[in-house]
J.: 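A single structure is presented below for examination.
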Amino acid sequence: MMTSTIFGSPIDTGAITADIPVTKDVAHFRVSVTQKHTIFTYPLDTDDLVYGLGETMGRVNKRGGRYTSFNTDTAEHEDSNPSLYASHNFLIVWGKETFGVFFDTPAKVEFQIDYQGSGEVRVECHTRDLRLYQIDGDGPYAITRTLLKAIGPCYLPPLWAFGYGQSRFGYAKDQDFRDVAKGHADNDLPLDYICMDIDYMDGFKDFSVDEKDIPDLKGLAEEMKEQGIHLVPIVDAGIKVEPGDPVYESGVKGGHFCRNVEGGLFQAGVWPGMTHFPDFFQEKTRKWFGSQYKFYTDRGIEGFWNDMNEPAIFYSEYTRPKLGKWTFVLDILFGKYRKEKKARDMIRDYKSFFHNITGKRVRHYDVHNLFGALMTRSTSEGLRDLLPHRYLLFSRSSYIGAGRYGGVWTGDNTSKWEHLMLNVRHMPSLNMCGFLYAGADTGGFMGDCDRELLLRWLAFSAFTPLMRNHTGNFTKNQEAYRFEGQDDFRSILSLRYRLLPYIYSEYMKAALTGDMYMKPLSFCYDDPAVRPIEDQLLVGDSIMIAPVVKQGATSRRVYLPEAMTQVRYDGQDFHCATVDKGWHHQQTQLHEVVLYIRKGKLLPIGKPITNTADYDVEDLQLLGDGDVYDLYTDDGLTRQCTMDNVRQLSR
Ligand code: MIG
């Protein structure tokens, strides 16, 4: 049961597409409305668990933390940092009373959840206009599924987007992409796509290519495709201010850019220098921006990542009127100075530009958290018109509902073990908020990744729908083929491709039926022992994983809520054994992956392939003690995706 209550006159965020009845009464919470804020409080019972909030720091159980929905470009993925790139204002309280609640507002929202032992959930919305959704249901899993149905059908990527991707901030020349493809091919390592970071652009301008470095993008895309590899360029939110440039000119002419306090066009310094931000709140602008992707689709490109769409601002005409571009350099040199000043500048900048929302002038600050989601929508709808089939799209910033249009990656993490664990925690939380196609920068973005961390991270990413190795521009080489002992990398990467029939099927079924792809154990097992467990996950309907997330460990403790079939993959074979309910020691060498098949379930295994072009669902091996498995079969590209595409396999 889902109901809603309307406070003030909120804008339609587009998060929920279902028709949800409106009532005057708010259950569970005490509500107080101040001059500018709406505050909700709920007293927690000592044993209540609190889930949700998607891409935030902290644990899967959000108790004890403080989190702020205010989309921020930040590389500090530390528990002390209340805001990352996204706003997913959905919570589930599970205990004495059990319910879900979604605070639907694009304004800033602060959550304190038994913070410093307060014993209550306190949610402060920095607005008097919002729509509150409340969900009752039989436990957190049922509640989540009600939310996912109300959001609407999840984004469907093409099959190749489930392959392995390689990325790096710094690839610039056409030869760089050829080298990456060759590095994988020469070492027999699988690969399906290579991301192009901002250096492919001409002066960091969207919808352009640096013809000095990449004289023939179309030819390069074709050449790559012959090897089964898709090029996936990055697109940033801002359009460079450059009179004479056709994208800039058509944006100005069409009235597509956000305005400043004086009514002129707002300027913000980002990678290209001064840029204008498209006003994604205008339908005509979403159409205009989305149609610009024709630049790429004309060149045979079918996958994209949208970046800097919080939106990130380095400096602006208000905060750095005189120094301009140089302040950015100074900021980097004097990092400390930057931090506090930057936070203040950021707020000031967000308060100094405006959107046109159905004829009303609205301050960006008040609708900030929706900007990235609307960029994703714009891109997705544009690509829908430009391409006859499915496309890859993932974004850095998001809001609930954007999961209908594309996936997300979790931004600038660091090559450290804590961030592998953060990746494990983010996945179920993101799934609860409707983001099924998700993943982190495998190996880590900031800092240098060593061989052990990369192998363990790959062994976890092998289960996340988005599996992309990405790193920053001044870090050590992080491509799998750069490391010693290629056998181990081949072993882990080959597992991903042998699991593709399962990963693809489970993703498609979950996306089409409003289900989750990755779940906490507590969502499916009514066993108090699983409630605190956050380093084991259910992946799809058949399996449980227990990734190794500690440096130097070759074993870990694992809890089985029921007897399961343990499967050990060593790069060649799948070794099965039955393991009883309870705690066990799981040995896992660096080249191995261990997973568990649930009672009465089956796991289909494909042949070892190195590219999704060779994907084949004939003669699948079936592991586990179940009777039937529902395999999702289509061509991996069609938009005609229904549950009719399910084929039953039986032993
Ligand atoms: O200011 O495009 O999160 O993945 O490599 C940094 C360069 C801009 C941030 C993204 C990262 C990307 C980088 N971008």
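Order of appearance sets the numbers: ligands from 1, and atoms from 1 within every ligand.
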J.: Please produce the table of protein N or O atoms sitting under 3.5 Å from N or O atoms belonging to ligand 1, one pair a line, distance to 0.1 Å.
T.:
{"residue": "ligand 1", "atom": "1 (O)", "partner": "Trp271", "partner atom": "NE1", "Å": "3.0"}
{"residue": "ligand 1", "atom": "2 (O)", "partner": "Asp197", "partner atom": "OD1", "Å": "2.5"}
{"residue": "ligand 1", "atom": "3 (O)", "partner": "Arg396", "partner atom": "NH1", "Å": "3.0"}
{"residue": "ligand 1", "atom": "3 (O)", "partner": "Asp412", "partner atom": "OD1", "Å": "2.5"}
{"residue": "ligand 1", "atom": "4 (O)", "partner": "His470", "partner atom": "NE2", "Å": "2.9"}
{"residue": "ligand 1", "atom": "5 (O)", "partner": "Asp197", "partner atom": "OD2", "Å": "2.5"}
{"residue": "ligand 1", "atom": "5 (O)", "partner": "His470", "partner atom": "NE2", "Å": "3.0"}
{"residue": "ligand 1", "atom": "14 (N)", "partner": "Asp307", "partner atom": "OD2", "Å": "2.8"}

J.: State whether a side-chain donor-acceptor pair under 3.5 Å links Tyr481 with Asp179.
T.: no
J.: Using the side-chain hydrogen bond (donor to acceptor under 3.5 Å, both in side chains) rule, take Asn423 and Thr464 through it: C-alpha gap first, then chi angles, then the decisive distance, then the call.
T.: CA-CA 9 Å; Asn423 188 187; Thr464 64; 5.6 Å; no
J.: The test is side chain to side chain contact (heavy atoms under 4.5 Å, CB included); show your working for Arg425 and Arg59 and say whether it passes.
T.: CA-CA 6 Å; Arg425 288 180 163 135; Arg59 295 172 300 144; 3.8 Å; yes
J.: If only side-chain N and O atoms count, and only distance matters, is there a donor-acceptor pair under 3.5 Å linking Tyr391 with Ser380?
T.: yes
J.: Taking Arg259 first and then Asp279, would you say they form a salt bridge - that is, a charged N and a carboxylate O separated by under 4.0 Å?
T.: no
J.: Between Ser398 and Ala373, is there a donor-acceptor pair closer than 3.5 Å when you use the side chain of the first and the backbone of the second?
T.: no
